[in-house]
Every structure is written in C-alpha cells, then in structure tokens.
Amino acid sequence: MKFISTRGEAPAISFEGAMLAALASDGGLYLPEAWPRLKPGDIAALAGLDYADAAYRVMRPYLEGDPCLDDLEAVLEEAYDSFHHPAVAPLQQIAPNMFLLELFHGPTLAFKDLAMQVVARLMNRALLRQGVHATVIGATSGDTGAAAIEAFRGLEAIDIFILHPKGRISDVQRRQMTTVSEPNVYNIAVEGNFDDCQSILKGLLGDEGLRASRALTGVNSINFARILAQIPYYFTAAVSLGAPQREVAFTVPTGNFGDIFAGYAARAMGLPVARLVIATNLNDSLPRALSTGIYEPKGVIATSSPSMDIQLASNFERLLFELAGRDASRVRALMGELRKTGAFRLNDAELEALRGLFAAHSIDEHATEMTIRGLAEETGMLADPHSAVGIAAARQETGLGTTPMIVLATAHAAKFPEAVERASGRVPEQPERLRLRLGQHERCTVLPNDYAKVADFVAGHSRTRDGAKEIRSKVRA
Ligand SMILES: *Cc1c(COP(=O)(O)O)cnc(C)c1O
C-alpha cells in the first residue's frame, strides 16, 4: 500500500515514510492510494476478539508490504495493555437506541491515548530499525500534549518537546505532562498564549537546518498513522451492535476532524455506517459549512470543551479530497482560496456528497451543561463536556429510525472536574492512577515567547542522529 498527498505534488510513499514525515512535502496530508475493503465475513469475524486482535485485522491491510507490519501485532498488544478496562473501548447504553463508546480508559483518560500509544511505539521501532533518532515536537492546549508525553516517555530513539502556554492550561493537564521523569521528555512553558506556541512550533518545523540535524517531526492528528489507529474502534463498536448485518450511526465530538475522519475511513472499508454526525461546541465552522456550503473558519471561542476549541479543522482537507473525487488540483485550488480569502465554497456535487453521509450540530454551553445534568439524573453516569457535546448533538439528529446511534465519549469526567461539578452537583471520582501521578515532582522549563530561545533549547537538548547509533547498540545488547 502506497500513500499519496491530498495536494498531488509529493511522491507516493510507504506507510513508514508517511508516519515519520507527518506532513507531505507539498503541504498536503497523506491518504492511502485506495481504501482497502474488508468483506462482510471479515467484519463479522471481529466479533468477540480481543481489542488488540481486532485492531490488527483492521489496520493490517494498510501496512501490507511495509517494514512496520512486522511490528504491528506486538505494538498493539503492548499499547492496549496499559488500558484500565479489559474491553479497551467498551460500549454503555444510555437510552433505548443510544450508546456511549468509552474511549477514555487509557493512561491519560482521553481518546487520544488509543492512537498515540500505538504510533509512538511504531515510530520508535521504525527508527531503531533504521539506526536513526528523531525529535518529536508539539504544542498543546491540554490533552494532546499529555497523551503524547505519556506515549513517548522512555522511548530509546525519540526525544519529545511539548510547548504549552504558561499558566493557561488546567492544573490536571499540566501535572499530567510535567510529572513524567524520563530524560527524553521536555516540557516547555512558553510565556505567551496557545497561538504563540503554535507559531513557534510552525517556525521550528519549517527550520530546514534544525529539521535535518535533529530529524524533527510532529504527532498532531494530521499524521495518518494516528487516523489509522482510530479506525478499529468504529468496527468493534458496530460489530457489537450487529454489524455488518445491521447499520449503525456515529456521533463524534469534533475539533480537528481527525477522529470522525477515521469513521469515514471505516465506512470506506466496508463498515455499514448510515450517518456520521459532527458534534461541535460553539466553534461551528463545520456545521456552517454543511448548511451553507461555505467553509469559513472564524475566531476561536473558549468553551468548557477546550480540546474542541478549533475553527480550522486540519483534517477536513482529507475529506475535501474525497468529496472532490480525489482531484488533488481541486484541493489545491480550495486550500489556496482559503489562504487568500479566509473561506471557500463547495460546488453542488461536493456539497451533496457531504450532506449524503454527514450531519452536524453546534452545541452551546448551556445545552452542554444541561446534558451533563440530565445524564447524571437519568443514568447516574457523569459525562465530560466533550462527550456531552456529542450526546446533545446525537439527540438532535432525527430520521434514523431504529438504527443504533453510537456517541464517542472522548474524555473521562475526572479530567474536567470543575465543569462536571458545576453542571451536575457531583464531583467526579479521580481514578487512582491519576491521583498518584498528580502528587509527584514537576519538571518544566519556562522560556520567553521568543522563537530563537526555544529553538536554541531544542537544538541544545535533543540528541543527534549519531547518538542514535549508540542507543541502538545498547538496546540490542
Ligand atoms: C482531541 C479531542 C477531541 C477532538 O478530536 P479531533 O480528532 O480533533 O476532531 C474531542 N474530545 C477530546 C476530549 C479530545 O481530546
């Protein structure tokens, strides 16, 4: 299987290449050259398997002929061993025809663990095989950084640097990142806001010298490997409810459009998905695009579901490529338009294709709060604000008849205790693993909002490619 860029001007490469590069050289995002299909019998055979085994069968076709395929089985076993539920991604029924898919049983209590735990290990093994070293850098407003640090800590072939805006993330979020003691982890608190962190990150990734000497790469959700590792739970959930004989629908709390795009991929592989509902908070660029055909990201609004406080959904470009019949020149034109004017308009065929499968609802803060309260009263369960946005959007969706609706629960309520208590009057219980960690010593470097200072720090602390050879011999020994 080869991977191609949505902008059509970068060479097709292997899965391993796409994973290590993250972004294509033409600025586009990687997608498989064709979607692999699972036969109905293959889908039915996923029923009752261990999560790691099911994930292997779903992901394997993408890695056919790739050196990473030999690692996949062991990586999945190890990755999901760290989860605190034997089913990894269990389903809970919350209404006659509505189910929550709990994706928060990983080490940092958010759905990003499901993919990050897999991708970090695949990257590490690929680098060890090549005898080289890489430096992962990222900027976070909360969940992504914690999941990335947890997944990459202690890996032999990778150093990880995560920038966060000093004093602007929650206590739990900061401590999840800074209480890690492994020497390959660097937390940088930038004296600025999240946008400042992102612009420093863009500068670092665009610095050819640094990129080459330190083998810089990223792990945000534009990396196709992350999308790939999110496809399996769509299959396992649907099969539990009777797929492939029975259709299902999904509602996905959405920010960067990575998670829901994995649902699109599952359908492209043959899973009978009747509808994909995009659930957003007040940051409603996607619901507006569905209703008007115009995609026009506006200023970001801060909400109680901060991991979805995104207007420019990077992975939407992947769907555009599909809606446009995989015409890369059309994607280039639309993305150019967006850069120049801040918006673009879908044509009739694209809009029809979009509306044929997707629906979208924007949920305000009051409705989010009422949903948390209502669910607690009706079922005794506590939902975090991101999952609550999903539940509220699913309830607005009509016309599905008896098709079961599966809402993705993307974070544990204990990650957002203030918002949950405000809405429900109850304090979510902290899992013990979180309590223990949060009391530990914090490690973090405070740097000014100054590109050169951050670049110096990264260059001065990351290991070079030569260092990787030594590491490799130690690991082998
Ligand atoms: C990242 C995140 C989302 C949004 O996922 P995307 O793939 O960016 O759409 C939703 N909920 C939580 C808790 C998250 O951390």
Side-chain angles (χ1 to χ4, degrees), residues 29 89 100-117 119 138-151 164 169-170 172-173 176-177 194 198 218-231 233-234 250-266 276-287 297 300 303-319 358 360 362-363 368 372 382-393 407-417 419-420 428:
L29 309 184
L100 275 186
L101 175 57
E102 294 184 348
L103 300 174
F104 51 68
H105 293 285
T108 72
L109 312 181
F111 94 94
K112 292 190 172 68
D113 290 328
L114 277 119
M116 209 69 91
Q117 289 287 329
V119 175
T140 189
S141 55
D143 285 345
T144 306
I149 286 176
E150 187 63 36
H164 73 261
I169 61 175
S170 81
V172 172
Q173 287 176 325
Q176 276 190 318
M177 298 194 288
F194 179 58
Q198 284 218 293
V219 281
N220 61 10
S221 64
I222 57 157
N223 195 318
F224 183 76
R226 273 187 61 191
I227 308 262
L228 174 59
Q230 292 169 7
I231 302 173
Y233 48 75
Y234 286 91
F250 290 96
T251 300
V252 187
T254 294
N256 232 341
F257 209 76
D259 201 5
I260 197 164
F261 189 77
Y264 173 87
L276 289 166
V277 180
I278 302 165
T280 71
N281 58 27
L282 288 171
N283 294 286
D284 62 349
S285 57
L286 292 164
V300 172
T303 72
S304 59
S305 45
S307 298
M308 292 151 61
D309 288 349
I310 292 171
Q311 284 276 343
L312 194 68
S314 321
N315 283 293
F316 192 52
E317 179 169 342
R318 290 193 155 104
L319 186 67
F358 290 87
S362 161
I363 306 299
T368 305
I372 296 174
L382 291 180
D384 95 288
H386 303 78
S387 308
V389 165
I391 296 167
V407 181
L408 274 56
T410 51
H412 193 294
K415 265 197 116 158
F416 300 92
V420 172

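When a ligand or atom number is given, it counts from 1 through the structure's own listing order. Quick note: residue numbers are just sequence positions, from 1.
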Stepwise side chain to side chain donor-acceptor pair (under 3.5 Å) test for R318 and N315: CA-CA 5 Å; R318 290 193 155 104; N315 283 293; 2.5 Å; yes
Sidechain-backbone polar pair: N223 side chain, A225 backbone, donor-acceptor under 3.5 Å: yes
Within the heavy-atom cut-off of under 4.0 Å, ligand 1 is lined by F111, K112, D143, P253, T254, G255, N256, F257, G258, D259, S307, M308, H386, T410, A411
Contacts of type side chain to side chain contact (heavy atoms under 4.5 Å, CB included), residue A89, not counting sequence neighbours: Y51, L101, L103, Y233
Give a yes or no on whether the backbone of G145 and the side-chain of K112 come within a donor-acceptor separation of less than 3.5 Å. no
Checking Y264, F257, F261, F358 against F316 for ring pair (Phe, Tyr, Trp, His ring centres under 6.0 Å), the one that qualifies is F257
Side chain to side chain donor-acceptor pair (under 3.5 Å) between S387 and D384, worked out: CA-CA 5 Å; S387 308; D384 95 288; 2.5 Å; yes
